[in-house]
Amino acid sequence: MSKFIFITCMLFSVVKESNGQLKTDMPLTELLALVSKSNPDTNKVKLFLQLSNYYYTELTPTRRHLDSAFFFLKQAEKLGTEIHSLKWQHEVWCYLGKYYFRVEDINQSNDYHAKLEYDIKKTGDLNNQIKQWLDLSENIQAMDTFGLSRINCFQKIIQLCKQTNNIEKGLEFERNIADEQMKQGKLELAEVELLKVLARYKSYGFPNVHYIYNLLSITNNYKGNFNIALNYALMAIETMQKTKDTLPRTNFYTRLGYIYHELGQTEKSIECFKIVFQRDFPKPINCYVIRDAGVLVRDLIKQKKGNEALSFILDFSKKYPPADYYGKASLCRTLAYCYWALRKYKLSDKYMLEMIRLSPFLGKNNEIKQEVEYDIGKYYITTQQFLNAAYHFQISLSEAFSINDITMIKNIYFMLFKVDSATGNYVSAIKNLNQYQLLNDSIFNVTKSRQIEEVQVKFETEKKEKNIIILQKENLLQQKSLKQANYTRNFILAGIVLLLLIIGLLYHRYWFKQESNRDLEAKQKVIEKQNLSLHHLVNEKEWLLKEIHHRVKNNLHTITGLLDTQAGFLKSEEALLAISDSQHRVQAMSLIHQKLFQSDDLSTIEISGYIHELVDYLKHSFDTGRRILFELDIDFLVVSLSHSLPIGLILNESITNSIKYAFPSNRIGLIKISLKQLKLHQYLLTIADNGKGLPSGFDYQKSGTMGMSLMQGLSEDIQAGFLITNNNGTEIKIHFSYDPVNDNNLAPLVYN
């Protein structure tokens, strides 16, 4: 049954997190209100995508629905371009391709999907490509097979896994493809693929075959093969216990509990669900966990434990209040059922009416919608509102068919038989009764019932055999313990004799050590006195070093002031420019000494804070305002004075050049500064702008300017590779090595 889809999905949601989900279960009015209030940012792009999906995911979307989806997609694409945001770009392209596929413009569809694939390939890093395809797949609905589908994304990931020789991860996504086929109702194909993956898992010796057993159990549950489903479910739990993989424990026992619940074996179902609800759940609570709690309540009531059931669900809902319409509707459904069983009919009606009020807010193709509509239909039968009952049973039947819930389909046909009988529509009643009996016989025939019993007997027998083996091992351990106790007693007696001899020797040694200790104490006092003297010397040295940095900083400020004063007597623009450049260079050095003075470690500084302060100084010095934006992406790095001064001066020269020359005529621009660790002791400093770029034919090695010479010379000082290129503006890269233990013993880096 597709009630187990949630369990499978939860296994993956625990392991990874996506870049965000495009949930579409929010009412249209709420979405539109949020869009109108939202600022033009990435969140608004997401809201446009949600609005687009609201129309796109209609069960049978018309051209009007598709055009509405297209309108909001174009709004998302336009806003993303305006704010230079790439966060939802792949989703926008994906669904634009899907739109054109739906309206039969295949060329446009292929263009968008080719554009998306090219953009992902452009990253180069295969693991990053895998992540991007995975993030995209999570924003495509399982039932959406138009254009680029989730299965297509998984196929791309499998190809990338082959390139990285990651066999196990590739098999994991082959398993995911089978899972998607199962959700789409392709049960035979899904089972065949899962058996192939299972065989390959075993051939490679990969241990986590319990995840495949779990999916095989779900697939056979869809098909109504409870005997096979139960066998695979028990195998999944057994293998999970062998591998000591506790991650899927809650989900596997939930699935097994559902199978026992549908087989009418309430004691075993209760046992499984009590294991599930021993744990604490993250908040806000998932609506399906509230639904699982409702199954436990129903089984407790079947066991004549109504008060226990009511106490459990009230305590649970108090600790984990529902966070959405689905959770609230599911909780109302359980409370209405519970109070009805306890003959508290007014309270039961109260929650039933609240469930009816919430039902329009539930989306489509989900178990909660199906069960809520089913219970509403049963309620209308009790109040003899047969037309209303038939209406809600038909909705529930449609949901049951869409999610392959054979058991619920069977039950709905029986309820429709009751409705038709009550209204005198006997032809339809007989037809519905035949459908019910046909499905009931296919699910609960004699052969399957016997096979279910055989599976349970086999499992219980193996369980008992394991317990016998454990008891035999415990008996052997007890016998060994008794023998060990006898050996221990003999050793103790012999030890006492030896101990008496040793005590005599120790007393003699004790007297001798007392004399030695007196000599050592005298020497210790001399050492402590010397250590105290050395400690004072170290403190004085640190104080002097800090004072030196403070005075150097003050002297550099004095030099800045002198340069400023000198500038007042100059009229030559070239001289004034030289004075200004010198002031900036002096300030870059002054900031370093200020950082050293303020730091507890007087020999190193943290480069990220320094770069931020230097950028702030240059922004205010040149009064860039909002005309020039700065984007900083700096990794944590602590460097010594030998590297911090050259890096600071290089940054000063490059940023100053960008501010002065990259954006003529007060153009608006962006300067990006990044410092990233490439690998151990290897770093890349990049200063890039989107300005007019370098002149055609410019050769920085032959330019002869002071700034270029200074940057090249400083790069050589730290044995760094220096490269300046045109890349939609000017881009400077400094590739250097730094080892905090030995920063003078690394090979120089050179760009080819």
Next item on the list: Decide side chain to side chain contact (heavy atoms under 4.5 Å, CB included) for M235 and H210; before the verdict, give the C-alpha distance in whole Å, the side-chain angles of both, and the deciding distance to 0.1 Å.
Entry: CA-CA 7 Å; M235 290 172 67; H210 41 283; over 6 Å; no
Item checked: Trace of the side chain to side chain donor-acceptor pair (under 3.5 Å) decision for D245 with Y211 -> CA-CA 11 Å; D245 179 13; Y211 293 102; 2.7 Å; yes
Checklist line | Residues K679, Q682; criterion side chain to side chain contact (heavy atoms under 4.5 Å, CB included); working and verdict | finding: CA-CA 5 Å; K679 55 184 179 179; Q682 299 289 316; 3.5 Å; yes
Margin query: For M240 and I237: C-alpha separation, side-chain torsions, deciding distance, then whether side chain to side chain contact (heavy atoms under 4.5 Å, CB included) applies.
Written below: CA-CA 5 Å; M240 174 191 71; I237 289 175; 4.2 Å; yes
Next item on the list: Check the pair D292 / V276 against side chain to side chain contact (heavy atoms under 4.5 Å, CB included), numbers first and verdict last.
Entry: CA-CA 9 Å; D292 299 339; V276 170; 5.6 Å; no
Notebook entry, point to check: Which is it for F277 and F312 under the ring pair (Phe, Tyr, Trp, His ring centres under 6.0 Å) test, yes or no, and what are the steps along the way?
Noted result: CA-CA 10 Å; F277 288 101; F312 164 75; 5.5 Å; yes
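For the pair S317 (side chain) and L314 (backbone), a donor-acceptor distance under 3.5 Å is present. Side-chain atoms of S311 do not come within 3.5 Å of backbone N or O of E308 as any donor-acceptor pair. Here the side chain of H620 pairs a donor or acceptor atom with the backbone of D616 at under 3.5 angstrom. When atom types are taken as modelled, the side chain of S654 and the backbone of I650 share a donor-acceptor pair closer than 3.5 angstrom. Side-chain N or O atoms of H643 include one that pairs as donor or acceptor with a backbone N or O of S737 at under 3.5 Å. Under a 3.5 Å cut-off, the side chain of R255 and the backbone N or O of I218 do not form any donor-acceptor pair. Remark: side-chain polar atoms of S269 are not paired, donor with acceptor, to backbone N or O of Q265 under 3.5 angstrom. In terms of modelled atom types and a separation under 3.5 Å, the side chain of S715 and the main chain of F722 share no donor-acceptor contact. Side-chain N or O atoms of E606 include one that pairs as donor or acceptor with a backbone N or O of G609 at under 3.5 Å. With hydrogens and angles disregarded, no donor-acceptor distance shorter than 3.5 Å links the side chain of T604 to the backbone of S640.
What you find for Y738 and V638 is that their closest heavy atoms are CE2-O, 3.2 Å. Across all non-hydrogen atoms, the minimal contact from H612 to S608 is ND1-O, 2.9 Å. When all heavy atoms of S137 and F154 are compared, the pair lying nearest together is OG-CE2, 3.6 Å. Annotation for I313 and A293: closest pair CD1-CB, 4.0 Å, computed over non-hydrogen atoms. Closest approach of L194 and I212 over heavy atoms only: O-CG2, 3.6 Å. Counting all heavy atoms, side chain and backbone alike, P646 lies closest to I718 at CG-CG2, 3.6 Å.
Between R279 and T250 the shortest side-chain heavy-atom distance falls below 4.5 Å. Residues I270 and Y260 have side chains not in contact (no heavy-atom distance under 4.5 Å, counting atoms from C-beta outward). Two residues are said to be in side-chain contact when any heavy atoms from C-beta on lie closer than 4.5 Å; S217 and I259 meet this criterion. D280 places a side-chain heavy atom less than 4.5 Å from the side chain of Y320. Put simply, the side chain of L134 reaches to within 4.5 Å of the side chain of F173, judged on heavy atoms. A 4.5 Å side-chain heavy-atom check between I130 and K169 finds at least one atom pair inside the cut-off. A heavy-atom distance below 4.5 Å is not found between the side chains of Y683 and L678. You'll find the side chain of T686 reaches within 4.5 Å of the side chain of L684, heavy atoms only.
Separating the OG1 atom in T239 from the CG atom in N214 is a distance of 11.0 Å, to the nearest 0.5 Å. Note: T488 OG1 to L493 CG = 11.0 Å, rounded to the nearest 0.5 Å. For the atom pair L300 CG and F273 CZ, the distance stands at 10.5 Å (nearest 0.5 Å). Considering OG1 of T164 and CD of Q159, their distance stands at 12.0 Å, rounded to 0.5 Å. Taking CG of L714 as the reference point, atom CG of N652 lies at 10.0 Å (rounded to 0.5 Å). L498 CG to I502 CD1: the interatomic distance, rounded to the nearest 0.5 Å, is 5.5 Å.
Using the six-membered ring where Trp is involved, Y204 and F206 have ring planes that are parallel, under 30° apart on the 30 and 60° scheme.
Under the 4.0 Å criterion applied to side-chain N and carboxylate O atoms, D633 and K672 are not assigned as salt-bridge partners. Note on K131 versus D135: salt bridge recorded, some NZ/NE/NH1/NH2 to OD/OE distance being below 4.0 Å. Ion pair K274/E271 not flagged as a salt bridge, since none of the NZ, NE, NH1 or NH2 atoms sits closer than 4.0 Å to an Asp/Glu carboxylate oxygen. Taking a cutoff of 4.0 Å between a charged side-chain nitrogen and a carboxylate oxygen, E174 and R200 qualify as a salt bridge.
No side-chain donor from either of Y213 and N231 sits under 3.5 Å from a side-chain acceptor of the other. Residues N208 and Y201 bring no donor and acceptor atom of their side chains to less than 3.5 Å of each other.
Remark: Q514 CD is packed, more than 12 non-hydrogen atoms of other residues, nucleotides or ligands lying under 6.0 Å away. At most 12 non-hydrogen atoms from other residues, nucleotides or ligands lie less than 6.0 angstrom from NZ of K162.
Considering L637, L675, I732 as possible partners of L685, the one that fulfils the side chain to side chain contact (heavy atoms under 4.5 Å, CB included) test is L675.
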